[in-house]
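As structure tokens, the structure follows; a few thoughts come after it.
Residue numbers start from 1 in every chain, and the chains themselves are labelled A, B, ... in the order their sequence lines are given, proteins ahead of strands.
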2 protein chains.
Amino acid sequence: MNVIDAAGVLAISTRLQRLSDRIRKDGQEIYKAMGLAFEPKWFPVIYVLHRRDTLSVVELANEIGYSHPSTITLLKELEKEKLIRSKKDKADERKRLLQLSAKGRHLVAQMEPVWDVIVAATTDLIRTQNNLMLAIEEVEEQFQRQSFFQRALPLIAVRNEA
Amino acid sequence: MNVIDAAGVLAISTRLQRLSDRIRKDGQEIYKAMGLAFEPKWFPVIYVLHRRDTLSVVELANEIGYSHPSTITLLKELEKEKLIRSKKDKADERKRLLQLSAKGRHLVAQMEPVWDVIVAATTDLIRTQNNLMLAIEEVEEQFQRQSFFQRALPLIAVRNEA
DNA sequence: TTTATTTATGTAGTTAACTACGTAAATTTG
DNA sequence: CAAATTTACGTAGTTAACTACATAAATAAA
């Protein structure tokens, strides 16, 4: 075992990132193998618009958990691919409302069976004693209760007094 | 719950990345709160050199799981901070051998109590029914047995025949 | 009803990883 | 032992996220 793996929870952020990367790259291969021109990074936007139909830029950014500038960059790319379209909100001229285009909806229809494959393969991959998906959900819940930093604070205080 | 969270394993890569980011940012706050000029991204290099003493660039890159160019960029930064030093390998002129500097070793000594705090706070954070650290290790093991893509392949084949 | 504040979007520039490619030293092969 | 291959390191350029700041529309306040 290498040193970072042996460092355990100290390097947990690095380990999470690495695992995320690995899964994303394999996901990309799966889309390719199934003959679809689709990049995993598009998934959050496309999936949310598929499920929620119409959203503004900031609403969408909040849903996918990205900053709004990052979201705008993704949206530009997706508009160039003609997978989404946008129109001004009549009621509020500041807002730009986003929807899947016909091409986007067609791609989603093609992707749904692929998503089934991805779900099946992922479920297989993470079928272990400690379930990764549940662990993520549980830790996110813990985070919401009290952040990592907040949990460390009292321990810091004790040290600084000593 | 938002749409991405509800997408479950389909969006697991996004969820992992988000959690990694959150933990890394809080880690940065902890170093700051304890008065240390240390960035979480330096951790893998510093920690590995602390544990392994002397390594070449590529050996180090493999240990921390980054590409060698990314590692070189980190090393430049750390040399500028005077936390590490490097010298040519007499036995193999291609190699550059890396070590912690005196300043680097001193910083490690200061950081060790902080690492204890981080370990304690993280352990507290991930003390849930499904343990995140164990889940990561288990999934990495599963990955080694057979990649995510390899697991998907037979499912793709069936679909393409149908 | 001006003026100030907030909200929504957008632009510019930064960051931290990557891949692709190039060069030089070491090793292997014909 | 000369030529080909591999290994180690480095540079250049890309990518996908971010923060900070700017502008315009909507809303609140004086």
Can you list the residues that meet the side chain to side chain contact (heavy atoms under 4.5 Å, CB included) rule with P40(B), with sequence neighbours excluded? R24(B), Q28(B), Y31(B)
Please enumerate all residues that pass salt bridge (charged side-chain N to carboxylate O under 4.0 Å, His left out) together with R51(B), with sequence neighbours excluded. none
Among residues 49-74 of chain B, which contact DNA chain D at a heavy-atom distance under 4.0 Å? S56(B), V57(B), V58(B), H68(B), P69(B), I72(B)
Residues which pass ring-ring contact (aromatic ring centres under 6.0 Å, His included) with Y66(B), listed by chain and number, not counting sequence neighbours: none
Can you tell me which residue pairs pass the salt bridge (Lys or Arg N to Asp or Glu O under 4.0 Å) test with a partner in residues 139-151 of chain B, sequence neighbours excluded? R15(A)-E140(B), D124(A)-R151(B), E141(B)-R145(B)
Sequence neighbours excluded, which residues qualify as salt bridge (charged side-chain N to carboxylate O under 4.0 Å, His left out) partners of D53(B)? none
Taking any atom closer than 4.0 angstrom to a non-hydrogen atom of chain B, what span of DNA chain D does the protein reach, first nucleotide to last? dT7(D) to dT11(D)
Can you name the side-chain hydrogen bond (donor to acceptor under 3.5 Å, both in side chains) partners of N130(A), sequence neighbours left out? E138(B)
Residues in salt bridge (charged side-chain N to carboxylate O under 4.0 Å, His left out) contact with E93(B), at least two apart in sequence or another chain: none
With sequence neighbours left out, write down each residue that passes side-chain hydrogen bond (donor to acceptor under 3.5 Å, both in side chains) with H50(B), or none if nothing qualifies. E112(B)
Results of ring-ring contact (aromatic ring centres under 6.0 Å, His included) for Y47(A) - residues two or more places apart only: F43(A), W115(A)
Near-strand residues of residues 79-101 of chain A, defined as heavy-atom separation under 4.0 angstrom from DNA chain D: D92(A), E93(A), R94(A)
Applying the 4.5 Å side-chain criterion to the ILVMFWY set and letting contacts propagate, would L134(A) and L19(A) be lumped into a single cluster? no
